[in-house]
Undergrad: 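Here it is, the structure, as structure tokens.
If you read the sequence from its start, that first residue is 1, and numbering goes on from there.
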Amino acid sequence: PDALVLEYTRAMMCFALFAPDPRHIVMVGLGGGSLAKFCHRHFPRARITVLEIRDDVIALRDQFCLPPDDARLRILHCDAADYLARMPGCCDVLMVDGFDSQGLPSTLTDGAFYAACRRALHPGGVLVANIFTYDPQYAGALQRLRAAFDGRLGWFARIAGNNRILFAVRPSQPGAAPGRAERLLVRMASSEGRGFGWSNRLLARLLVTWLAWRRA
């Protein structure tokens, strides 16, 4: 039950290239719980907070084999946009994978939401967002996300089919030297998608395997 079988979930775990040892991971959207379970198992020093707006999805957590809430895992029934707006500087990694029956909600792609995402991250913190390339909101969301993070936005080309997995980093404090994540994202932002599809998919598989192995 802790395995990641979908390409896009493995691709989202590439945040570990930028933030290998996060202390607090916040997730927008519970879905089937695969990302929450994987992070709970393979990032033992991290707290994980999942924000889910639908109580009927949370009600399925036992069928998803999610562990119970404890000191390291909390699943909150709340509106992610409201929560993040009230929680500046709360996390090292922010994973945005929230969809409704119509696709990507506009409240999770507008400028106010992305500004709240930036404020919710510690300096040098990383956002990873899943957006379908064919979504009508894709182009606008990409523009707003790039603006919110001062251009520090990049992705790995064709790593997960029609799922575009976007990585952004909150810049370091003024006067501070850029951190690891910021340096990597600045290099990625110089091209429209880094690398080749087959090599990026292999990278995601190897990374997930390594994360699992280090906890074996």
Side-chain angles (χ1 to χ4, degrees), residues 4 8-31 33-40 42-43 45-53 72-99 104-131 137 141-142 144-156 160 163-173 179-182 184-186 188-189 204 207 211:
L4 294 178
Y8 96 88
T9 58
R10 293 194 293 267
M12 291 190 76
M13 291 309 303
C14 286
F15 78 73
L17 296 170
F18 310 100
D21 191 25
R23 292 296 189 269
H24 188 200
I25 301 170
V26 173
M27 300 181 179
V28 176
L30 175 61
S34 57
L35 289 168
K37 286 181 292 187
F38 188 89
C39 289
H40 185 263
H42 299 298
F43 291 92
R45 297 204 290 175
R47 290 186 299 114
I48 298 150
T49 302
V50 184
L51 314 176
E52 174 55 57
I53 197 168
R72 289 189 49 238
L73 173 66
R74 291 192 307 156
I75 298 177
L76 304 181
H77 180 211
C78 66
D79 183 290
D82 290 342
Y83 178 93
L84 293 172
R86 294 183 283 104
M87 298 294 287
C90 70
C91 59
D92 308 294
V93 173
L94 177 56
M95 307 181 76
V96 180
D97 187 28
F99 293 85
L104 191 64
S106 59
T107 54
L108 299 186
T109 62
D110 63 25
F113 175 72
Y114 288 141
C117 287
R118 172 177 168 147
R119 289 193 301 270
L121 289 165
H122 296 143
V126 176
L127 175 142
V128 51
N130 175 30
I131 303 180
Q137 300 188 74
L142 188 67
R144 290 187 289 272
L145 187 54
R146 181 177 280 121
F149 284 84
D150 299 336
R152 291 166 174 81
L153 175 73
W155 61 89
F156 296 100
N163 295 80
R164 177 64 50 80
I165 309 302
L166 302 168
F167 298 88
V169 62
R170 178 174 178 175
S172 302
Q173 296 284 17
R180 167 197 178 98
E182 190 172 354
L184 286 174
L185 257 298
V186 167
M188 286 180 67
L207 178 63
L211 290 170

Undergrad: Do His24 side-chain atoms and Ile48 backbone N/O form a donor-acceptor pair below 3.5 Å?
TA: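 Not a single qualifying donor-acceptor pair exists.
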
Undergrad: Who are the ring-ring contact (aromatic ring centres under 6.0 Å, His included) partners of Phe38, not counting sequence neighbours?
TA: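 If we apply the ring-ring contact (aromatic ring centres under 6.0 Å, His included) test to Phe38, skipping adjacent residues, the hits are His42.
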
Undergrad: For Arg118 and Ala148, indicate whether the former's side chain and the latter's backbone hold a donor-acceptor pair under 3.5 Å.
TA: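 The answer is yes, because a donor-acceptor pair under 3.5 Å joins these two groups.
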
Undergrad: Is the shortest heavy-atom distance from the side chain of Cys91 to the side chain of Leu121 under 4.5 Å?
TA: yes

Undergrad: Looking only at atom types and distance, does a side-chain atom of Arg152 sit under 3.5 Å from a main-chain N or O of Pro171, one as donor and one as acceptor?
TA: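 Absent.
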
Undergrad: Measure the spacing between CG of Leu153 and CG of Leu145 and express it to the nearest 0.5 Å.
TA: 5.0 Å

Undergrad: So, using ring-ring contact (aromatic ring centres under 6.0 Å, His included) as the criterion, who are the partners of Phe15 when residues are at least two apart?
TA: Phe43

Undergrad: Do Arg10 side-chain atoms and Leu4 backbone N/O form a donor-acceptor pair below 3.5 Å?
TA: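 Flag set: sc Arg10 to bb Leu4 pair under 3.5 Å.
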
Undergrad: Looking only at heavy atoms, what is the nearest atom pair of Gly98 and Leu108, with distance?
TA: O-CD1, 3.7 Å

Undergrad: For Ala36 and Val50, work out which heavy atoms get closest and say how close.
TA: CB-CG2, 4.0 Å

Undergrad: Is any side-chain heavy atom of Trp155 closer than 4.5 Å to a side-chain heavy atom of Leu142?
TA: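 Heavy-atom side-chain distance check passes, below 4.5 Å.
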
Undergrad: Is a donor on one side and an acceptor on the other found under 3.5 Å between the side chain of Asp79 and the backbone of Ala81?
TA: yes

Undergrad: For Ala160 versus Ile165, what's the shortest heavy-atom pair and its separation?
TA: CB-CG1, 4.5 Å

Undergrad: Do the non-hydrogen side-chain atoms of Thr107 and Phe113 ever get within less than 4.5 Å of each other?
TA: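 Side-chain contact under 4.5 Å: no.
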
Undergrad: If you look at every heavy atom in Pro22 and Val93, which pair is closest and at what distance?
TA: CB-CG2, 3.8 Å

Undergrad: Are the side chains of Tyr83 and Val28 in touch, meaning some heavy atoms are under 4.5 Å apart?
TA: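 With C-beta onward as the side chain, the pair stays apart.
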
Undergrad: With rounding to the nearest 0.5 angstrom, report the CG to CE distance, Asp97 to Met12.
TA: 4.5 Å

Undergrad: State, yes or no, whether a side-chain contact exists between Arg47 and Arg23 at a heavy-atom distance under 4.5 Å.
TA: no

Undergrad: Nearest 0.5 angstrom please: Asp110 CG to Gln137 CD, how far?
TA: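 Those atoms lie 9.0 Å apart.
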
Undergrad: Is there a side-chain contact between Arg170 and His122 (heavy atoms, below 4.5 Å)?
TA: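 Answer no - side chains too far apart.
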
Undergrad: Tell me if a side-chain donor or acceptor on Arg72 pairs with a main-chain N or O of His40 at a distance below 3.5 Å.
TA: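 Checked: pair present.
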
Undergrad: I want to check something: taking the side chain as every heavy atom from C-beta on, are Val128 and Cys14 in contact at a cut-off of under 4.5 Å?
TA: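 Answer no - side chains too far apart.
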
Undergrad: Taking ring-ring contact (aromatic ring centres under 6.0 Å, His included) as the test, write out the residues that go with Phe167, two or more places apart.
TA: Phe18, Phe156

